Structures are given as C-alpha cells and as structure tokens.
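Numbers restart at 1 for each chain; the letters A, B, ... are given by sequence-line order, proteins then strands. Treat the numbers as computed from the prediction; the structure is a model and nothing was measured.
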Protein chains: 2
Amino acid sequence: MNLPPLIQSFVLHFGEMGSRWGINRTVGQIYALLYVSPEPLCAEEIVEALGISRSNVSMSLRELQAWNLVVLKHLPNDRRDFFTTPDDVWQILRTLAEERKKREVDPTLSVLREILMQPPGSPRERYAQERMAEMHGLIEQLTTWYEDVKRLETERLANLLSLGSKITRLLETKDRIVTLGRGRKAGKKQAGEQVRLVAPDDGAQ
Amino acid sequence: MNLPPLIQSFVLHFGEMGSRWGINRTVGQIYALLYVSPEPLCAEEIVEALGISRSNVSMSLRELQAWNLVVLKHLPNDRRDFFTTPDDVWQILRTLAEERKKREVDPTLSVLREILMQPPGSPRERYAQERMAEMHGLIEQLTTWYEDVKRLETERLANLLSLGSKITRLLETKDRIVTLGRGRKAGKKQAGEQVRLVAPDDGAQ
DNA sequence: CGCTGATTTCAGTCATTTCTGAAACAACAG
DNA sequence: CTGTTGTTTCAGAAATGACTGAAATCAGCG
C-alpha cells in the first residue's frame with residue numbers, strides 16, 4: 001500500500017469497518033480512497049494505491065456501483081473509467097440508508113408478513129407469531145418514519161436532527177396549554193396533527 | 001433442525017440476515033429462536049432445536065451476551081443456564097443501537113479525530129482532511145441526535161417517530177408567525193429553543 | 001475432598017469468502 | 001481487419017471464519 005500516512009490510516013480503518021459490516025475489506029478501502037481523493041481515480045490508480053490485484057479492484061468497484069455509492073466519470077479522450085464518491089455527505093448518508101433498507105429491512109418485513117399470514121399449528125407457533133407481530137410493528141413504525149423524513153431537504157433534515165428530543169417537551173407543553181385554554185382533558189396525545197407554533201413569551205401560558 | 005415450520009422460517013431468515021451483517025449465522029439463529037420462545041431455553045434445548053454442536057451454542061451465547069441481547073435466567077433447583085431475550089422490542093432496539101454505536105461509530109469518530117489532529121503533509125492530505133472533517137461533522141450530528149432521543153421514554157419516542165417530518169412544517173409555520181407577530185426577520189432558524197405550542201384554531205395566525 | 005452434571009476452552013477440521021492471474025471480451029484507431 | 005488499451009469473467013489458490021469433539025474447568029453436594 002502506497003499512500004500518505006494520514007490517508008492510509010483512514011483507508012485501513014474503513015477496511016476494518018467494512019469487514020465488520022457485510023461489505024468486505026477491499027470494498028471498504030476502495031470506497032475510503034475514493035472518498036478522500038480530490039479527483040476521480042481509474043482502476044489502475046487504485047491498484048497502485050492499495051497494492052491489490054486488478055481484478056479485485058474491478059469486482060469491488062462493481063459492488064460499489066451496485067450500492068450506488070460511487071459515480072462513474074469519463075474524461076474526454078480517455079477510454080478509462082474513472083470513479084468518485086458523491087460530494088455531499090448527506091447524499092451519501094441517504095444512499096446508504098436506502099440501500100441498507102432495501103437489502104436488510106424490506107426482506108425481513110416481507111418474511112414476517114408472510115409468516116404472519118399462516119395459521120399457527122400449535123400454541124408454541126401462536127406465541128411465536130405474537131412476538132413476530134411485535135417485531136413487525138416496530139419495524140414498520142421505524143420505516144414509516146424513515147420514509148417520511150427522507151424526503152426532507154437536507155437543511156430541514158439537519159434542523160430536525162438538531163431539535164432532537166426538544167420537540168417532545170413542546171408536545172407536553174401543548175397538552176398543558178390545550179387543557180388550560182379549552183378545558184379539554186390532557187393525555188391522548190394525537191400528537192401534532194395541526195397544531196401551530198407561536199413565538200417565545202407570547203400568547204397563552 | 002427440528003422446529004415447527006413457522007418458527008423454522010423465522011430462524012432461517014435471521015441466520016441469513018446475521019451473516020449479511022457482521023454477526024454469524026448461528027448467532028442469528030439462536031437469537032431468533034430465543035426471541036420467539038415463550039420460556040427461557042437452556043443450551044441443550046438449543047442444540048436440539050437447531051441441530052448444531054454444544055460448543056457452538058456455548059460460544060454463540062457468549063457472543064450474544066457480549067452484545068447484551070440476551071438475558072441469563074436461573075431456575076430454582078437447576079444449575080443449568082437458561083436464556084431469553086428481553087420482552088420489550090423497544091428495549092431490544094435500544095440495546096442494538098447502543099451496541100452498534102459502541103462498536104462501529106465511536107471507533108470511527110475517534111480515528112477521524114486523531115487523523116484530523118495531525119498536520120497535513122501535502123495538498124492531497126490537506127484535501128483528505130477536509131473530507132474527513134465533513135464526515136466527522138455529519139457523524140457527530142447524528143450521534144448528538146441519538147444521544148438526545150435515546151433518553152426519551154418509549155411512549156414519547158414513539159410519538160416523536162409518528163410525528164416524523166410534520167414537525168418541520170411546524171417550524172416553517174413558526175417562522176411565519178414569528179415574522180407576523182413580532183416583525184422579526186424569518187430564516188436563521190435557531191429552531192425550537194423555547195417556543196410554545198397552542199391548540200389548533202387558537203391564537204395567532 | 002471427589003463425584004456429578006453442567007459449561008467453557010481450544011486445537012484442529014471443514015466451509016466459505018476473498019483474491020489472484022490468466023484468458024476472454026469490448027471498444028476503438030489506424 | 002488487426003493491434004492496442006482497457007475491462008470483465010472465472011477457476012482455482014490463499015486466507016479467513018465457523019464449527020466440532022475432546023479435554024479442561026467450574027460449581028455444588030454428599
């Protein structure tokens with residue numbers, strides 16, 4: 001491996017991480033290398049940088065393309081394929097989330113649904129189905145949330161993140177205010193459907 | 001493998017998923033089996049159900065314990081170890097998130113920080129550091145959000161999820177209202193610090 | 001103690017995955 | 001068409017990871 005030390009550490013770490021994930025070491029390393037390279041790289045450059053075989057690079061790039069994690073570029077007057085990663089880290093995050101969902105979550109949901117359709121043949125299966133239903137419900141809640149927030153523009157998404165749990169404090173407050181303002185019972189938080197916000201130190205308290 | 005068909009499908013699927021993840025097939029299967037079993041199981045029962053060696057079960061249970069995904073129970077007058085998974089799926093989710101963060105995110109953050117401390121030796125390294133800084137920033141935003149919301153009680157967390165992106169509509173609305181109500185400039189969303197909520201069709205519009 | 005029943009460890013075997021080099025393939029220029 | 005440059009495929013080698021059985025260890029109990 002023939003790389004400046006800073007970059008080498010990064011590449012090696014991603015190789016490690018890659019293998020701890022489903023994706024293999026080489027794929028991780030190539031991705032890391034592309035990520036920190038200012039210009040697109042061709043296969044041969046990757047071979048030299050990482051000291052691995054040409055064919056390995058080819059297969060790994062293929063894998064990265066299957067994940068949509070890498071973009072193919074062509075320079076004028078050059079038949080070689082050049083590769084980069086998208087510039088925007090948020091975009092990368094989205095792609096990653098989408099692909100992992102597709103490969104891991106969706107198949108699981110469909111297996112669960114299929115099993116849940118079948119009539120249980122014993123109390124033991126009956127119980128198992130209940131448990132699976134719980135799991136199914138949880139995953140569905142999470143994916144619904146995901147499907148919802150993934151459409152946000154990045155700036156909004158970042159805002160939502162930085163809000164974090166604070167929003168729930170607002171919900172509590174809302175309950176209180178609703179109670180005061182209208183004599184309605186608190187609790188039953190059909191949360192957030194069409195509430196409106198008001199500036200600090202304003203209005204009802 | 002000696003299991004009712006419904007349960008077998010589930011167990012096999014989790015084995016598959018396990019290997020697509022870092023965790024191996026057997027570990028996935030054992031977890032799935034424990035998850036759908038109404039009573040805690042001892043090692044020998046797992047051996048019979050899955051048709052694998054005793055020592056493999058022992059090692060895999062060890063691994064599951066390391067992940068805190070499994071709880072050890074002792075029945076009175078029985079020296080054997082019995083295992084279950086926690087009942088609450090939300091709790092399971094929390095554990096999973098926590099452990100994955102510990103194993104995947106934290107080490108990455110620390111590698112990134114370490115690399116970012118070092119002076120770049122070339123323009124190439126300079127650029128690489130910029131990219132790493134972007135990645136570091138993103139991961140930090142995500143973990144900050146995570147650290148924040150993970151403390152919520154389950155009910156609140158579920159509410160937050162079901163709100164999803166709706167909350168950003170509130171933020172937009174807030175900007176508008178703040179503008180109307182106080183003549184402040186919109187934009188610059190130092191979002192949500194101490195805003196208050198008001199019931200629908202109430203107050204300022 | 002030393003026996004019993006249970007669990008863990010570990011060295012070696014087996015299986016899977018990753019990686020390579022050679023060969024096939026593709027695109028283009030002359 | 002033929003030579004050149006670049007990419008992909010693929011069968012087998014190398015490396016890694018999973019699994020097993022035998023032996024070691026542990027925890028109670030008479």
Side-chain angles (χ1 to χ4, degrees), chain A residues 1-2 11-12 14-34 39-67 70-84 103, chain B residues 1-2 11-12 14-34 39-67 70-84 103:
Chain A
M1 190 174 291
N2 180 22
V11 164
L12 289 177
F14 266 71
E16 269 308 304
M17 272 341 213
S19 42
R20 195 172 295 194
W21 250 36
I23 114 186
N24 77 34
R25 191 155 35 86
T26 307
V27 174
Q29 291 184 351
I30 293 181
Y31 184 80
L33 178 63
L34 294 177
E39 303 298 332
L41 301 181
C42 71
E44 200 55 45
E45 292 169 316
I46 298 173
V47 166
E48 279 162 34
L50 301 182
I52 58 182
S53 79
R54 187 52 237 277
S55 51
N56 194 2
V57 170
S58 176
M59 284 167 134
S60 302
L61 284 172
R62 197 148 239 283
E63 174 104 11
L64 284 170
Q65 283 177 286
W67 280 80
V70 114
V71 286
L72 174 59
K73 296 238 154 121
H74 275 122
L75 303 186
N77 296 333
D78 195 330
R79 297 205 264 111
R80 290 173 297 173
D81 292 346
F82 286 80
F83 295 89
T84 355
R103 281 152 218 255
Chain B
M1 190 174 292
N2 180 23
V11 165
L12 289 177
F14 266 72
E16 270 308 303
M17 272 341 214
S19 43
R20 194 172 292 192
W21 250 37
I23 113 186
N24 77 31
R25 189 154 35 85
T26 307
V27 174
Q29 292 185 351
I30 293 182
Y31 184 80
L33 178 63
L34 294 177
E39 302 299 332
L41 301 180
C42 72
E44 200 55 45
E45 291 168 314
I46 298 174
V47 166
E48 279 162 35
L50 302 181
I52 58 183
S53 78
R54 187 52 236 276
S55 50
N56 194 2
V57 170
S58 176
M59 283 167 135
S60 301
L61 284 173
R62 195 147 241 283
E63 174 106 11
L64 284 170
Q65 283 178 287
W67 279 80
V70 114
V71 285
L72 175 60
K73 295 235 152 121
H74 275 123
L75 303 186
N77 296 333
D78 197 332
R79 297 208 261 107
R80 290 174 298 174
D81 291 347
F82 287 81
F83 295 90
T84 355
R103 281 153 219 254

Self-check item: Between dG6(D) (P) and Ile46(A) (CD1): distance, integer Å
Solution: 15 Å

Practice problem: Applying side chain to side chain contact (heavy atoms under 4.5 Å, CB included), run through Glu44(A) and Arg80(A) and close with a yes or a no. | Solution: CA-CA 9 Å; Glu44(A) 200 55 45; Arg80(A) 290 173 297 173; 5.5 Å; no

Quiz prompt | From His74(A), Glu39(A), Glu45(A), residue fulfilling side-chain contact (heavy atoms from CB on, under 4.5 Å) relative to Phe82(A) | solution = Glu45(A)

Quiz item: dG21(D) base to Ser55(B) side chain: any donor-acceptor pair below 3.5 Å?
Solution: yes

Practice problem: Applying side chain to side chain contact (heavy atoms under 4.5 Å, CB included), run through Ile30(B) and Glu63(B) and close with a yes or a no. | Solution: CA-CA 11 Å; Ile30(B) 293 182; Glu63(B) 174 106 11; over 6 Å; no

Quiz item: Checking Arg20(B) side chain against Arg103(A) main chain: does a donor-acceptor pair fall under 3.5 Å?
Solution: yes

Quiz item: Between dT8(D) atom P and Leu72(A) atom CG, what is the distance in whole Å?
Solution: 9 Å

Quiz item: How would you label the contact of Arg80(B) with the nucleic acid (heavy atoms, under 4.0 Å): base, sugar-phosphate, or nothing?
Solution: sugar-phosphate

Self-check item: 5' priority, DNA chain D, between Arg25(B) and Glu44(A) [closest heavy atom]
Solution: Glu44(A)

Quiz item: Touch check for Asn56(B), heavy atoms < 4.0 angstrom, all strands: base, sugar-phosphate only, or nothing?
Solution: base

Practice problem: Nearest whole angstrom, please: distance from the C1' of dT7(D) to the CZ of Arg79(A). | Solution: 10 Å

Practice problem: Can you tell me the distance, in whole Å, between the CE atom of Met59(B) and the P atom of dA22(D)? | Solution: 16 Å

Exercise. Take Ile46(A) and Leu34(A) through the side chain to side chain contact (heavy atoms under 4.5 Å, CB included) test and state the conclusion after the steps.
Key: CA-CA 9 Å; Ile46(A) 298 173; Leu34(A) 294 177; 4.2 Å; yes

Quiz item: If you look at every strand shown and take non-hydrogen atoms under 4.0 Å, does Arg54(A) touch a base, only sugar-phosphate, or nothing?
Solution: base

Self-check item: CG-CZ distance between Leu12(A) and Arg25(A), expressed to the nearest 0.5 angstrom
Solution: 9.5 Å

Quiz item: Rounded to the Å, how far apart are Asp78(B) CG and dA27(D) C1'?
Solution: 13 Å

Quiz prompt | Between dA14(D) (P) and Ile52(A) (CD1): distance, integer Å | solution = 18 Å

Practice problem: Take the protein atom NZ of Lys73(A) and the nucleotide atom C1' of dG6(D), then report the distance between them rounded to whole Å. | Solution: 20 Å

Quiz item: Has Arg62(A) got a side-chain N or O lying under 4.0 Å from the OP1 or OP2 atom of dT9(D)?
Solution: yes

Exercise. May I have the distance from Asn24(A) (atom CG) to dT16(D) (atom P), rounded to whole angstrom?
Key: 12 Å

Quiz prompt | Outermost DNA chain C nucleotides near chain A [under 4.0 Å, heavy atoms] | solution = dT18(C) to dC28(C)

Quiz item: Which part of the nucleic acid, if any, lies within reach of Thr26(A) when heavy atoms closer than 4.0 Å are counted: base, sugar-phosphate only, or nothing?
Solution: sugar-phosphate

Quiz prompt | Cys42(B) side, atom SG; Arg79(B) side, atom CZ - distance, nearest 0.5 Å | solution = 13.0 Å

